[in-house]
Amino acid sequence: MAEGGTRRSGTARAGGRAGAAAAQRGSARLDRRVKSLEIELQLYKELCGAGASNSEPRELLGRLLDFCLDAVEADAGTLYLLDDGAGELVFEVVRGPMASKLEGMRMRSDRGIAGAVAASGKPFMSEDLSSEDLWLGLRDGYAPRDILAVPLKAKRKVMGVVEVINKEGGRPYTKEDLRLLKSISSHFSLIMERTRLLAELDSRIEQLSILNEVGNLLVSTLDQKVVRERAMEAITRLMHAEAGSLLLIDNESGELFFEVALGEKGEQVKQVRLKIGEGIAGWVARYGRPVNIGDVTRDRRFLAEVDRQSNFRTRSILCVPVKIKNKIIGVLQAINRVGREAFTKDDQRLFQLFSNQVAIALDNARLYEEVKETFYATSQALADAIEMRDPYTGGHTRRVLEYSLAIGRRMGLDSSELEVLKLSAVLHDIGKIGIEDRVLRKPAPLDRHEAAEMRLHPGKGAEILRRVPQLKDVLPGTLHHHERYDGKGYPEGLKNGRIPLVARIIAVSDTYDAMTTTRPYRKGLDPAVAVAELKRCAGTQFDRKVVAAFIEAYENGEITGCGSGPAAGSGTRRERGGP
């Protein structure tokens, strides 16, 4: 009995020890679980803080990886981002001994453990990397033992992978580590998606703002050259591209030529011409469809010769047609997306909108140029018709125009001022249409009464032009081109700076042509003699600055013509009796 009692007592003690051990194990598991939950809660607080901040995406990714390493007590790790366009995984953030060598590298998205996780969307756990076929290995003495890898997902789409290696202290990773890593990555994926959406929204707002700004710029001018240059400057800003170009179709040759090309090698590129259908731009011009290529070397349409000629390396390209009323007039190109391997579909849609704006602006500018050229041609035809009434004034208007523009450029007049000067020079003698033939066509010096009638032509010209409101800026040159700097001219006796600059310029040009023109009753002066006469009269009859600009242009070869022969003169010297 005593023996049996002893056995029962021993069994009870053994059961008690087993129960105590089980209780200790349960307590240890509970402690680990509580500790894990504490870590997880703390990490969630920090992650929420990171998500609410305005941190840069790369900074957020770095914090994510650091959180993961702390949570599972890992020695090293890598956060990969998936580049769908290139089919690659990017070593976006790396921690540990190999960080400096691996960060920024790329590998095919179907390679290695990270590639398997990205493809399957499922986590991976291994206690012995040396036995894993998927493991690509590391060099330089670093010896990885075990690994945890989990996908980063947003809306069930994998956008990256978190991979941690070697638990501290040589311990193996546990299922609890894997659960914790999955939980952190899941939470952070939401933050990354939010950050991405906000970044995209900011980017779209910026792009639409630029698009609106460019649209306003394009319609603020009707100068085709300015429209084209502004359009190209906008490409690099709008599309975040290294370079951009506008190619137009030469209707005579049927070729594409680079009207504007920006970027470091823009001038070399402008020397290239493409046949319709040749190269990517030629293909777009032929078929009228946009092309978006992430790697041009893989596209058979890519014309490498253009890169060789310009010494420029094209990696990615977005090319869209420029259409006016369903007719293709050219193509726009954005080259090498900055910060990405390829342009996106959103980039393509935005670029097509931009192309439509450019097409409208170019068409408006073209129509304006056509109207303007028609107006100039009509004005020149009218001036020529007036000259035909006088057999001694042929070519006078054209020469005065040439001399006046040479002076204007030397005096630094801007494009709009030169436009006014050009039209003023063409129409400066339009008032002669109201002068009687007996005076206008007289082959001899005019008498006092005839000279008085001739002096009426500036006023008559002004009266004609006042009937056309669009010519109001031309009136000063027509009315005052016979004023003298000393106030002894006509019709109003203006002097010094009160005489409009356009009129002062035409006065010098008009007089030089009169002096160098041969008339039936006198021979034209040698150009050098006429120039000396202008110098002598500078400050009295003429503005000194205008004469100086004339002489600079003359000495530089910009003023070459002079009137000659009975059908190439001017009535100016006859009217004035000399300069």
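Just so you know, these numbers come straight off a predicted model, no measurement behind them.
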>> So which atom in C319 and which in A281 form the shortest heavy-atom distance, rounded to 0.1 Å?
In response: SG-CA, 3.9 Å
> Which heavy atom of L256 sits nearest a heavy atom of A285, and at what distance?
Replying inline: CD1-CB, 3.8 Å
> Ring centroid separation for H480 and H428, is it under 6.0 angstrom?
Replying inline: no
>> Please report the interatomic distance CE(M411) to CD(E552), rounded to the nearest 0.5 Å.
In response: 9.5 Å
> Is there a side-chain contact between I280 and I293, using heavy atoms and a 4.5 Å cut-off?
Replying inline: yes
>> Please verify the inter-ring angle class for W283 with Y287; under 30° counts as parallel, over 60° as perpendicular, anything in between as tilted.
In response: tilted
> Between R337 and L318, is any pair of side-chain heavy atoms under 4.5 Å apart?
Replying inline: no
> Is it true that R498 and E492 make a salt bridge, defined as a side-chain N closer than 4.0 Å to a carboxylate O?
Replying inline: no
> Is any NZ, NE, NH1 or NH2 atom of the basic residue among E533 and R536 found under 4.0 Å from an Asp or Glu carboxylate oxygen of the other?
Replying inline: yes
> How about R106 and D83: do any of their side-chain heavy atoms sit closer than 4.5 Å?
Replying inline: yes
>> Is it true that H240 and D347 share a donor-acceptor pair across their side chains at a distance under 3.5 Å?
In response: no
> Are D429 and H457 side-chain neighbours, meaning at least one heavy-atom pair lies under 4.5 Å?
Replying inline: yes
> Looking only at heavy atoms, which two atoms of S379 and L427 are closest? And how far apart?
Replying inline: CB-CD2, 3.9 Å
> Aromatic rings Y490 and H482: how do their planes relate, parallel, tilted or perpendicular, breaks at 30° and 60°?
Replying inline: parallel
> With a 4.0 Å cut-off, would you call E463 and R466 a salt bridge?
Replying inline: yes
> Any sub-3.5 Å donor-acceptor pair from R301's side-chain atoms to G279's backbone N or O?
Replying inline: no
>> Counting C-beta onward and ignoring hydrogens, is there a side-chain heavy-atom pair between Q348 and Q352 closer than 4.5 Å?
In response: no
> Between V426 and Y376, is a side-chain contact (heavy atoms from CB on, under 4.5 Å) present by the stated rule, with each step listed?
Replying inline: CA-CA 8 Å; V426 169; Y376 281 139; 5.7 Å; no
>> For a side-chain contact (heavy atoms from CB on, under 4.5 Å) check, start with the C-alpha distance between V400 and H396, then their side-chain angles and the critical distance, and finish with the verdict.
In response: CA-CA 6 Å; V400 169; H396 167 67; 3.3 Å; yes
>> Whether the side chain of E450 engages the backbone of D447 through a donor-acceptor N/O pair (distance < 3.5 Å, no angle test) should be reported.
In response: yes
> Where the side chain of T516 meets the backbone of L525, is there a donor-acceptor pair that is under 3.5 Å apart?
Replying inline: no
>> Looking at I499, is its backbone amide N or carbonyl O close enough to the side chain of E483 to form a donor-acceptor pair, meaning the two atoms are under 3.5 Å apart?
In response: no
>> Salt bridge check, K275 against E255: does any charged N sit closer than 4.0 Å to a carboxylate O?
In response: no
> Salt bridge or not for K545 and D543, using N-O below 4.0 Å?
Replying inline: no
> Going from CG on D510 to CD1 on I505, what distance comes out if it is rounded to the nearest 0.5 angstrom?
Replying inline: 13.5 Å
> Is R438 paired with E453 through a side-chain N to carboxylate O contact shorter than 4.0 Å?
Replying inline: yes
> OG of S415 to CZ of R409: how many Å apart, nearest 0.5 Å?
Replying inline: 12.5 Å
> How far does OG of S509 sit from CD of E402, to the nearest 0.5 angstrom?
Replying inline: 9.5 Å
> Shortest non-hydrogen contact from V284 to V320?
Replying inline: CG1-C, 3.8 Å
> Of the non-hydrogen atoms in N336 and R313, which two are nearest, and what is the gap between them?
Replying inline: ND2-O, 3.0 Å
>> So does E417 get a backbone contact from the side chain of D414, meaning a donor-acceptor N/O pair under 3.5 Å?
In response: yes
>> When you measure from the side chain of S355 to the backbone of F351, do you find a donor-acceptor pair of N or O atoms at a distance under 3.5 Å?
In response: no
> Under a 4.5 Å cut-off applied to non-hydrogen side-chain atoms, are I335 and S316 in contact?
Replying inline: no
>> Set out, in order, the CA-CA distance, both residues' side-chain angles and the distance that settles side-chain contact (heavy atoms from CB on, under 4.5 Å) for I329 and I249, then state yes or no.
In response: CA-CA 6 Å; I329 65 166; I249 295 176; 5.8 Å; no
> Rounded to the nearest 0.5 Å, how far apart are CD of E558 and CZ of R410?
Replying inline: 4.0 Å
>> Between F550 and F542, is the side-chain contact (heavy atoms from CB on, under 4.5 Å) condition met? List the steps.
In response: CA-CA 11 Å; F550 177 94; F542 309 113; over 6 Å; no
> Taking C-beta and beyond as the side chain, do L247 and L274 meet within less than 4.5 Å on heavy atoms?
Replying inline: yes
> Are T478 and P458 side-chain neighbours, meaning at least one heavy-atom pair lies under 4.5 Å?
Replying inline: no
> Cationic tip of K495 within the cone over Y485's six-membered ring, i.e. under 6.0 Å and within 45° of the normal?
Replying inline: no
>> Testing the basics here: between A503 and P476, what is the closest heavy-atom pair and its distance to 0.1 Å?
In response: CB-O, 3.8 Å
> Within the side chain of S404, is there an N or O that forms a donor-acceptor pair under 3.5 Å with the backbone of L401?
Replying inline: no
>> What I want to check is whether the side chains of D295 and T297 have a donor and an acceptor closer together than 3.5 Å.
In response: yes
